[in-house]
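Below: the structure, in structure tokens.
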Amino acid sequence: MNPFQVALTGDIMLGRLVDRLIIQNPDLPPGSVWGDVLPLLLKADCRLANLECVISKQGQAWDPDHKPFHFRADPRAIQVLQTARIDCVTLANNHVLDFGPAALQDCLILLDQAGIRHVGAGPDLESALEPVLLDLPEARLAIVALTDNEPRWEAKDQTPGINYVRSDEKGLVEPYRARTAMVLEQARRLASFVIVSAHVGPNWGKPSASIQALAHEVVDLGADLYWGHSNHTPQGIEWYREKPILYSTGDFVDDYAVSPLERNDLSFLFCLDVEGDQVRRIRLQPSAIDRCHVRQAKGADVKFLQETMRAKCADWGTAIDFHEGVGTVRSPSGPPGTASA
């Protein structure tokens, strides 16, 4: 089976200032959000992103008295995703219903019209659970998306919402374990490579024992890759049963205030070289959020990312090498072949 490359971003939030300063600015093409990272995205065979906002003009803020942040982008944001040729966005997160079910439904229609696949939220539970299948010349991918954020948004049989789960230090609790097992069994039957997108845990801090248990369990249930986000900063990579766990891919595009200690404006574009159902190599292209754009990180920012990511990976017993600013993590099983550089 021929190798292929999957590019993963962390959270992309296209509302608020990103929306007002770029997306709705008639003097700027929406694709300018991606800056000089765009060629790196386009080089991959498949591009996936967590969309941490709703794209719509409809709806009202869901719970302004108790939820401090509500994110919505103008429909022109669809062009942002199209410019980067994003194949699929994950919607199981704590902002996709910020403006209610009508805005979510409008967002789903806009994505469908643009040919952008979506997973993790829908008009009912069956839709929120259903894996997305992506056919590449080299493979068929299945993507499942889940979150432990916003339990009040959990999809029901006839109620719009997200694929919400609960877990503890032993992993998923029932009925979420049985439900996730069923979905991953289906994905495993239909695809050669299975990805679980997990928007779980708090915004800051090292992954907890509960998050590790969840990640291990989804691999045990059939995932070939655990792709985590929600945490505002990139976290370490663990190899479990020769499958990679990306505990968090951090923030990729937003307008958030920046912590000088955590530097949540810095992350990576994660590029995975895959053969069959095995990730052979992960390349970490350093990125920075700069005035609502993303760009390739440089200078002191790259040094900060190297130092922090090396330490975070070491916590999981994973070595990461950096060359000219780009990090490389290799499968402990060793590469029988090499995906395109």
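In this chain, residues are counted from 1 in sequence order.
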Q.
With a 6.0 Å cut-off (strictly less than), is the heavy-atom count around CD of E174, excluding the residue itself, greater than 12?
A. yes

Q: Please round to the nearest 0.5 Å and tell me the distance separating atom CG of D255 and atom CG of L14.
A: 10.0 Å

Q. I143 and L91: same hydrophobic cluster, using ILVMFWY side-chain contacts below 4.5 Å?
A. no

Can I get a per-line list of side-chain donor-acceptor pairs under 3.5 Å for residues 309-329, giving both atom names and the distance, sequence neighbours left out?
residue	atom	partner	partner atom	Å
K312	NZ	P234	O	2.8
T318	OG1	I237	O	2.6

Q. Any donor-acceptor pair under 3.5 Å linking the side chain of N231 with the backbone of G205?
A. yes

(Q) Between R72 and Q58 (side chain of the first, backbone of the second, donor and acceptor by atom type, cut-off under 3.5 Å), is there such a pair? (A) yes

Q | L246 side chain reached by I282 side chain, heavy atoms, under 4.5 Å | A | yes

**Q.** Side-chain donor-acceptor contact under 3.5 Å, D11 with H232
**A.** no

Q. Between S248 (side chain) and Q235 (backbone), is there a donor-acceptor pair under 3.5 Å?
A. no

Q: Check whether any side-chain heavy atom of L81 lies under 4.5 Å from a side-chain heavy atom of I55, and answer yes or no.
A: yes

Q | Heavy-atom closest contact (S259 atom, N264 atom, distance) | A | N-OD1, 2.8 Å

Q. Distance from I86 atom CD1 to L111 atom CG, nearest 0.5 Å?
A. 11.5 Å

**Q.** Side chains of Q158 and K156 in contact at under 4.5 Å (non-hydrogen atoms)
**A.** no

**Q.** Partner residues of D63 under the side-chain hydrogen bond (donor to acceptor under 3.5 Å, both in side chains) criterion, sequence neighbours left out
**A.** H66

Q) Is a side-chain N or O of E217 found less than 3.5 angstrom from the main chain of L172, in a donor-acceptor match? A) yes

Q: Side-chain contact test, heavy atoms from C-beta onward, threshold under 4.5 Å: evaluate it for L8 versus L225 and give yes or no.
A: yes

(Q) With a 3.5 Å distance limit and no angle check, can you tell me whether D124 reaches the backbone of S127 through a side-chain donor-acceptor pair? (A) yes

Q) Just checking, is any N or O donor in the side chain of Q24 or D19 under 3.5 Å from an acceptor N or O on the other one? A) yes

Q: Flag the pair P286 / D301 as yes when at least one side-chain heavy-atom distance between them is below 4.5 Å, and no otherwise.
A: no

Q: Give the ring-plane orientation class for F4 versus F193, where under 30° counts as parallel, over 60° as perpendicular and anything between as tilted.
A: perpendicular

Q. Hey, is the main chain of T9 close enough, under 3.5 Å, to the side chain of W227 for a donor-acceptor pair?
A. yes

Q) Can you name the closest pair of heavy atoms from I245 and V219 and give their distance? A) CG1-CG2, 4.4 Å

Q: Take S197 and V119, measure what side-chain contact (heavy atoms from CB on, under 4.5 Å) needs, and give me the verdict at the end.
A: CA-CA 9 Å; S197 161; V119 63; 5.9 Å; no

Q | Side-chain donor/acceptor of N25 to backbone N/O of L21, under 3.5 Å | A | yes

Q: Provide the closest heavy-atom pair for D277 versus S192 in the form atom of the first, atom of the second, distance.
A: CB-O, 3.3 Å

Q: Search all heavy atoms of R179 against all heavy atoms of N163 and return the closest pair with its distance.
A: NH2-OD1, 3.9 Å

Q.
If hydrophobic clusters are built from ILVMFWY residues whose side chains come within less than 4.5 Å, do I12 and V96 share one?
A. yes

Q. Counting N and O atoms only, with roles assigned by atom type, does the side chain of Q186 sit under 3.5 Å from a partner on the main chain of L190, one being a donor and the other an acceptor?
A. no

Q. Any donor-acceptor pair under 3.5 Å linking the side chain of D87 with the backbone of L48?
A. no

**Q.** Distance, nearest 0.5 Å, that separates CG of L214 from CG of D168
**A.** 10.0 Å

Q) What distance do M13 atom CE and C292 atom SG have between them, rounded to the nearest 0.5 Å? A) 7.5 Å

Q: For a ring-ring contact (aromatic ring centres under 6.0 Å, His included) with H95, tell me which candidate from F69, W153, F71, W62 qualifies.
A: F71

Q. What pair of heavy atoms forms the shortest contact from A191 to L133, and how long is it?
A. CB-CD2, 4.4 Å

Q. Does atom NZ of K303 have more than 12 heavy-atom neighbours from other groups under 6.0 Å away?
A. no

Q.
Taking R295 first and then D36, would you say they form a salt bridge - that is, a charged N and a carboxylate O separated by under 4.0 Å?
A. no

Q: If the plane angle is over 60° it's perpendicular, under 30° parallel, otherwise tilted; pick one for F270 and F268.
A: perpendicular

Q: Please indicate whether Q60 has more than 12 foreign heavy atoms, meaning atoms of other residues, nucleotides or ligands, lying under 6.0 Å from its CD.
A: no

Q) Would you say the side chains of S208 and S210 form a donor-acceptor pair under 3.5 Å? A) no

Q) Does V183 reach the side chain of P131, with side-chain heavy atoms less than 4.5 Å apart? A) yes

Q: Salt-bridge test for R263 and D265: reply yes if a basic N is under 4.0 Å from a carboxylate O, no otherwise.
A: yes

Q.
Membership question, hydrophobic clusters at under 4.5 Å side-chain separation (ILVMFWY): are L269 and V279 in the same one?
A. no

Q.
Ignoring hydrogens and geometry beyond distance, is a side-chain donor-acceptor pair present between R177 and S167 at under 3.5 Å?
A. no

(Q) side chain to side chain donor-acceptor pair (under 3.5 Å) for Q285 and S287? Distances and angles first, verdict last. (A) CA-CA 6 Å; Q285 303 276 357; S287 65; over 6 Å; no

Q. So, T90 side chain and A92 main chain: donor-acceptor pair closer than 3.5 Å or not?
A. no

Q. Do the charged groups of K57 and D74 touch, with an N to O distance under 4.0 Å?
A. yes

Q. Once you round to the nearest 0.5 Å, how far does CZ of R281 lie from CD of Q5?
A. 8.0 Å

Q. How far apart are the closest heavy atoms of T83 and L42, and which atoms are they?
A. O-CD2, 3.8 Å

Q | Plane angle bin for Y176 and Y164 - parallel if under 30°, tilted between 30 and 60°, otherwise perpendicular | A | perpendicular

Q. In the single-linkage hydrophobic clustering (I, L, V, M, F, W, Y; side-chain heavy atoms under 4.5 Å), do L266 and W34 co-cluster?
A. no

Q. Got K67 and D98 here, is their nearest side-chain heavy-atom distance under 4.5 Å?
A. yes

Q: First locate atom NE2 of H229, then atom CG of N93, and finally report the distance between them rounded to the nearest 0.5 Å.
A: 8.0 Å

Q | Under-4.0 Å salt bridge between D273 and R283 | A | yes

Q: Consider only side-chain heavy atoms of I, L, V, M, F, W and Y, link residues closer than 4.5 Å, and tell whether L146 and I162 are in one cluster.
A: yes

Q. With distance as the sole criterion, is a donor-acceptor pair present between the side chains of S56 and D106 under 3.5 Å?
A. yes

Q | Trace of the side-chain contact (heavy atoms from CB on, under 4.5 Å) decision for C271 with L40 | A | CA-CA 9 Å; C271 300; L40 302 177; 5.7 Å; no

Q. Between D224 and R188, does at least one N-O distance fall below 4.0 Å, as a salt bridge requires?
A. yes

